[in-house]
Amino acid sequence: MLGLLLLITSLSVQSDETTPWPFEGLEGVSGTFTSETKGSSGDTLRSSGRFSSLKPDHYLWDIQTPDSQMLVVNPTGFWQIDRDLDVVILRDVPSSTQLPLAKIWLSESELTAFANEVAEGSMEAISAFELRVVSPTLLEMRLADPLGRDTRFQLTIESTVTPTHEEFDVQVPPDVDFFDERSVKPTSNAEALK
């Protein structure tokens, strides 16, 4: 799932002409996801959970099965909260080009421009990315990477109510191991977690 948020993507978009882009005009969205990743050796990993996004730079990917971890992008950084291991890691905020989930906010013309850019070979970490509107409440995404892994996601939109900024705040519990791996760290602890 970390790959969903971090890998640079190539993109092609397919949708029925009669099906409108479900995120057009919205500021936020949330729902559930399922994913299936097939490795080059034929092994398959399935996961499920929930996702949420607040345009333009807040993302939450909460993996509930088979393990329990949450990935959050907010202005402070990119948070990885592993509930099974009691570990929280804070990294630099990735650019929107590194966030496949950010592609849901692109307009049709921006998606076309991005697809052209990808076709020219400017994206190298993922060999394929497709985004297809199945219905106004269901999207399918497919990622393929150079290691031969193929991941398919189904994103079910359950709410178009704009999430609050607070929903993307991360509180680090006192009993977990916390690692701040940002390249530029704030000068005080109070600034570190703003």
Side-chain angles (χ1 to χ4, degrees), residues 1-11 28-40 43-105 123-127 129 141-155 163-194:
M1 292 311 107
L2 182 59
L4 178 67
L5 289 174
L6 290 179
L7 293 174
I8 298 174
T9 65
S10 63
L11 179 67
V29 67
S30 58
T32 58
F33 73 86
T34 59
S35 73
E36 180 179 276
T37 301
K38 293 183 179 179
S40 56
D43 55 323
T44 301
L45 173 65
R46 292 177 178 83
S47 67
S48 63
R50 64 185 186 88
F51 73 94
S52 187
S53 178
L54 177 62
K55 192 176 181 180
D57 57 3
H58 289 70
Y59 300 93
L60 181 143
W61 193 257
D62 188 358
I63 304 162
Q64 298 169 346
T65 62
D67 54 3
S68 181
Q69 64 175 309
M70 186 164 55
L71 308 172
V72 177
V73 175
N74 61 26
T76 303
F78 168 61
W79 298 82
Q80 181 178 1
I81 301 103
D82 191 315
R83 299 181 193 104
D84 294 333
L85 299 177
D86 291 328
V87 172
V88 176
I89 301 170
L90 176 58
R91 298 181 178 94
D92 291 329
V93 175
S95 73
S96 62
T97 60
Q98 295 174 299
L99 299 170
L101 192 56
K103 304 308 176 225
I104 66 175
W105 297 119
M123 305 295 168
E124 60 187 48
I126 291 182
S127 56
F129 184 97
M141 290 196 299
R142 178 184 163 265
L143 292 170
D145 69 26
L147 300 176
R149 292 178 297 215
D150 188 87
T151 303
R152 295 180 186 276
F153 298 92
Q154 283 198 334
L155 302 174
T164 65
H165 285 89
E166 290 74 25
E167 292 177 54
F168 301 89
D169 287 346
V170 176
Q171 303 299 322
V172 179
D175 57 341
V176 303
D177 293 324
F178 174 63
F179 301 96
D180 188 344
E181 297 180 355
R182 292 176 291 179
S183 57
V184 177
K185 295 181 176 60
T187 55
S188 73
N189 285 339
E191 292 174 353
L193 301 177
K194 280 186 182 176

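Atom CG of residue Leu155 and atom OG of residue Ser30 lie 11.5 Å apart, to the nearest 0.5 angstrom. Atoms CE and CD, from Met70 and Gln64 in turn, are 10.0 Å apart once rounded to the nearest 0.5 Å. Here Leu71 contributes atom CG and Tyr59 contributes atom OH; the two are 14.0 Å apart, rounded to the nearest 0.5 Å. Interatomic distance, CZ of Arg46 versus NZ of Lys38, reported as 7.5 Å (0.5 Å rounding). In this structure, CZ on Phe153 lies 5.5 Å from OG1 on Thr37, to the nearest 0.5 angstrom.
Scored by the side-chain hydrogen bond (donor to acceptor under 3.5 Å, both in side chains) test, Asp43 finds Ser41 as partners (sequence neighbours excluded). Taking the side chain to side chain contact (heavy atoms under 4.5 Å, CB included) definition, one finds that Asp86 meets it with Val176, sequence neighbours left out. Checked against salt bridge (charged side-chain N to carboxylate O under 4.0 Å, His left out), Glu167 has no partners two or more places apart in sequence or in another chain. Every residue two or more places apart in sequence or in another chain that forms a side chain to side chain contact (heavy atoms under 4.5 Å, CB included) with Gln171 is listed here: Asp169. Partners of Gln154 under the side-chain hydrogen bond (donor to acceptor under 3.5 Å, both in side chains) rule, at least two apart in sequence or in another chain, are Glu140. Among residues two or more places apart in sequence or in another chain, the side-chain hydrogen bond (donor to acceptor under 3.5 Å, both in side chains) test is passed with Thr65 by Ser48. Thr34 meets the side-chain hydrogen bond (donor to acceptor under 3.5 Å, both in side chains) test with no other residue; sequence neighbours excluded. Taking Pro174 as the reference, nothing meets the side chain to side chain contact (heavy atoms under 4.5 Å, CB included) condition, with sequence neighbours excluded. The side chain to side chain contact (heavy atoms under 4.5 Å, CB included) search around Ile89 returns Gln80, Val87, Arg91, Phe179, Glu181, not counting sequence neighbours. Looking at residues two or more places apart in sequence or on another chain, you find no salt bridge (charged side-chain N to carboxylate O under 4.0 Å, His left out) involving Asp92.
Across all their heavy atoms, Leu45 and Pro66 have their closest contact at CD1-CG, 4.1 Å.
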Under 3.5 Å donor-acceptor pairs involving side-chain atoms of residues 49-57, not counting sequence neighbours:
| unit_1 | atom_1 | unit_2 | atom_2 | d |
| --- | --- | --- | --- | --- |
| Arg50 | NE | Asp62 | OD2 | 3.2 |
| Ser53 | OG | His58 | O | 3.1 |
| Ser53 | OG | Trp105 | NE1 | 2.9 |

Stepwise side-chain contact (heavy atoms from CB on, under 4.5 Å) check, Phe33 with Ile63: CA-CA 9 Å; Phe33 73 86; Ile63 304 162; 4.1 Å; yes

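Counting only heavy atoms from C-beta outward, the side chains of Phe78 and Val93 never approach each other to under 4.5 Å. Arg182 is listed as a side-chain neighbour of Thr76, based on a closest heavy-atom distance under 4.5 Å.
Here the side chain of Asp84 pairs no donor or acceptor atom with the backbone of Asp67 at under 3.5 angstrom.
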